Visitor: 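One structure coming up, written as structure tokens, with questions to follow.
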Amino acid sequence: MLHDALLVAGKDLRIELRSRVLLWQVLPFGILALVLFALALGPSEAVLRRGAPGLFWLALLLAAVLAIARSAGIESAEGTRASVRLLGLDPGGVFLGKSCALLVELSALGLVLDLGLLVLFHVDAARLALALPLALLAVVALAAVGTIYGALVAGTDVAGTLLPLLVLPALSPVLIAGERGTASVLAGGGPGRWAVLLAVMAVVYVAVGIVLYGPLEEAS
Amino acid sequence: MTRFLNRALGPFALVSLAVTIWLGLWVTPPDEVQGDIVRLLYVHPALATVALYEAFALAALASALYLWPRTRSEKWDLLAASAVEVGVVFLTLTLITGSLWGRPAWGVWWTWDARLTTTALLDILFIGYLALRRVPADPPVRAKRCAVLALLSTLDIPIVHFSVQWWNGLHQGASVTVGFHFLIHGSMLWTFLLSMVAFSATFVWMVRERYRIAVRDEMHGVETLEVALAARRAEGAS
């Protein structure tokens, strides 16, 4: 399964490196969301600093929807699924591979948005660095959930409108835990039980994804 | 016997609901602190219990049975869909009655309490299920997608259940029973217990009727397709 996961992750990342969709479309969208949030809140540094954790996670979530759609779109291309089936890859491995590729992409996106927080929202750099492990846990859950829901809508005519409706409520617990944990770390405390909650979500979603990806592949 | 039970279910549900309303509005006393608002006790918890622990649990069970190759059958998919449809109605009513209770009790129609927020999210998750169900696809493909989504959405139920303990919000924890020990007594207790039975019976009745309609709908779809195919074949032969 791990061998298959590495193959699929390598394929997705190579496609991304060649097409640069993340770089030219998803990343600018995430930064644009941060800028728009800052514009909506006004120039007060205190207000921006207080809203920074929530807006960071919201921007990441919205941009993640585009990345998830892109990741699922790769599998929906003409003949791709048939090819993957003919290779006899383990569905759990395919799920893990796609999740890993999405994890790498979303981590890169998160790091750029973190820079945005430093510049636009005047957040303390040292404390933001301490929040990175928590963010990584959240991104693992995000990637796992995104891969499952991306496969759910893949191949449908309404994937563009259906994906946000399905995936955003499912990601809301990640948003809440990520925001509360980050806010706590930025305020000088520890992530506390939010890190535990995110770790549990990450483990549960990865396990559920490995089990349920097979039926989803059959359905697409 | 089964036929008798099937026929008796609807009238039993309606009568038990009517008795619950009568007891709740006219027989039970007002609460010392909350006054007449406490009468929502005979509606709101029962709606929530049915939606969370009966409707969506049934949907999850039926979905799991559909995904399991040995038990895979279209009937499980239709049962899950019926349970979700009725469950969404019950959960939406839970949110509405909760809001009606919250206004006089907390002073607001809505607050970002953990129990309320996670319940609203659960409702949206299962509305998403209904949206996915309406996406045109072959029945087996649709069934697999929906079964996976139902199981994923069910993961939110433990979060809703434990939200009161984890986040200590405005919504009270268990306030009617602690284990098997009841904290309310007399006519209030009996009316409360009857409301649980009445709404559960109503749920079972509604799901059964919705399931029957779904089965007939599927059969009608197959028949229509066969008639259309026969017409096309006849066109080709002539």
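Note that this is a predicted model, so its numbers are computed, not measured. Residue numbers begin at 1 in each chain, while the letters A, B, ... track the order of the sequences.
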Visitor: Would the number of heavy atoms belonging to other residues, nucleotides or ligands and lying under 6.0 Å from CZ of A:Arg50 be above 12?
Guide: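 12 or below, so no.
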Visitor: Can you tell me how far the CG atom of B:Leu121 sits from the CG atom of A:Leu168, to the nearest 0.5 Å?
Guide: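 Reported value, rounded in 0.5 Å steps: 10.5 Å.
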Visitor: So for B:Val148, is it side chain, backbone, both, or neither that comes closer than 4.5 Å to the heavy atoms of chain A?
Guide: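 Both backbone and side chain of B:Val148 come within 4.5 Å of chain A.
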Visitor: Does any backbone or side-chain atom of B:Arg72 lie under 4.5 Å from a heavy atom of chain A? Answer side chain, backbone, both or neither.
Guide: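 Contact with chain A: side chain only.
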Visitor: Give, as side chain, backbone, both or neither, the part of A:Leu162 having an atom under 4.5 angstrom from any heavy atom of chain B.
Guide: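 Only the side chain of A:Leu162 comes within 4.5 Å of chain B.
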Visitor: Contact part of A:Ile148 toward chain B, heavy-atom cut-off under 4.5 Å: side chain, backbone, both or neither?
Guide: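 Contact with chain B: side chain only.
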Visitor: Can you tell me if NE2 on A:His122 sees more than 12 non-hydrogen neighbours from other groups inside 6.0 Å?
Guide: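 Yes, enclosed.
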Visitor: Around atom CH2 of B:Trp205, are there more than 12 heavy atoms of other residues, nucleotides or ligands at under 6.0 Å?
Guide: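 For B:Trp205, atom CH2 is not crowded (no more than 12 foreign heavy atoms under 6.0 Å).
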Visitor: For B:Ile124 versus A:Pro169, what's the shortest heavy-atom pair and its separation?
Guide: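 Closest approach of B:Ile124 to A:Pro169: CG2-CG, 3.6 Å.
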Visitor: Is there a side-chain contact between A:Leu212 and B:Leu67 (heavy atoms, below 4.5 Å)?
Guide: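 Yes, side chains in contact.
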Visitor: Look up atom OH in B:Tyr129 and atom CG in A:Leu165, then write down how far apart they are to the nearest 0.5 Å.
Guide: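 That separation rounds to 14.5 Å.
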Visitor: Any chance you could lay out the side-chain contact (heavy atoms from CB on, under 4.5 Å) test for A:Thr156 and B:Arg145, step after step, and finish with the verdict?
Guide: CA-CA 11 Å; A:Thr156 63; B:Arg145 280 182 185 150; 3.2 Å; yes
Visitor: I'd like to know which of B:Ile159, B:Ile127, B:Leu132 tops the heavy-atom pair count under 4.5 Å against chain A.
Guide: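 Most heavy-atom pairs under 4.5 Å with chain A: B:Leu132.
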Visitor: Above 12 or not: heavy atoms from other molecules or residues under 6.0 Å from CZ of A:Arg180?
Guide: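 Incorrect, the count does not exceed 12.
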Visitor: With a 6.0 Å cut-off (strictly less than), is the heavy-atom count around CH2 of B:Trp68, excluding the residue itself, greater than 12?
Guide: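 Counting neighbours around CH2 of B:Trp68, 12 or fewer heavy atoms of other residues, nucleotides or ligands fall under 6.0 Å, so no.
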Visitor: Might you point out which heavy atoms bring A:Leu166 and B:Leu125 nearest each other, and give the distance in Å?
Guide: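 Here A:Leu166 and B:Leu125 meet closest at O-CD2, 4.3 Å.
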Visitor: Is there a side-chain contact (heavy atoms from CB on, under 4.5 Å) between B:Leu149 and A:Tyr149? Walk through the geometry before answering.
Guide: CA-CA 8 Å; B:Leu149 184 58; A:Tyr149 279 81; 3.4 Å; yes
Visitor: Tell me, for A:Val204 versus chain B, whether the close heavy atoms (under 4.5 Å) come from the side chain, the backbone, both or neither.
Guide: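 Only the side chain of A:Val204 comes within 4.5 Å of chain B.
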Visitor: Under the criterion side-chain contact (heavy atoms from CB on, under 4.5 Å), I'd like the reasoning laid out for A:Val208 against B:Leu151: C-alpha separation, chi angles, the key distance, then a yes or no.
Guide: CA-CA 9 Å; A:Val208 168; B:Leu151 289 174; over 6 Å; no
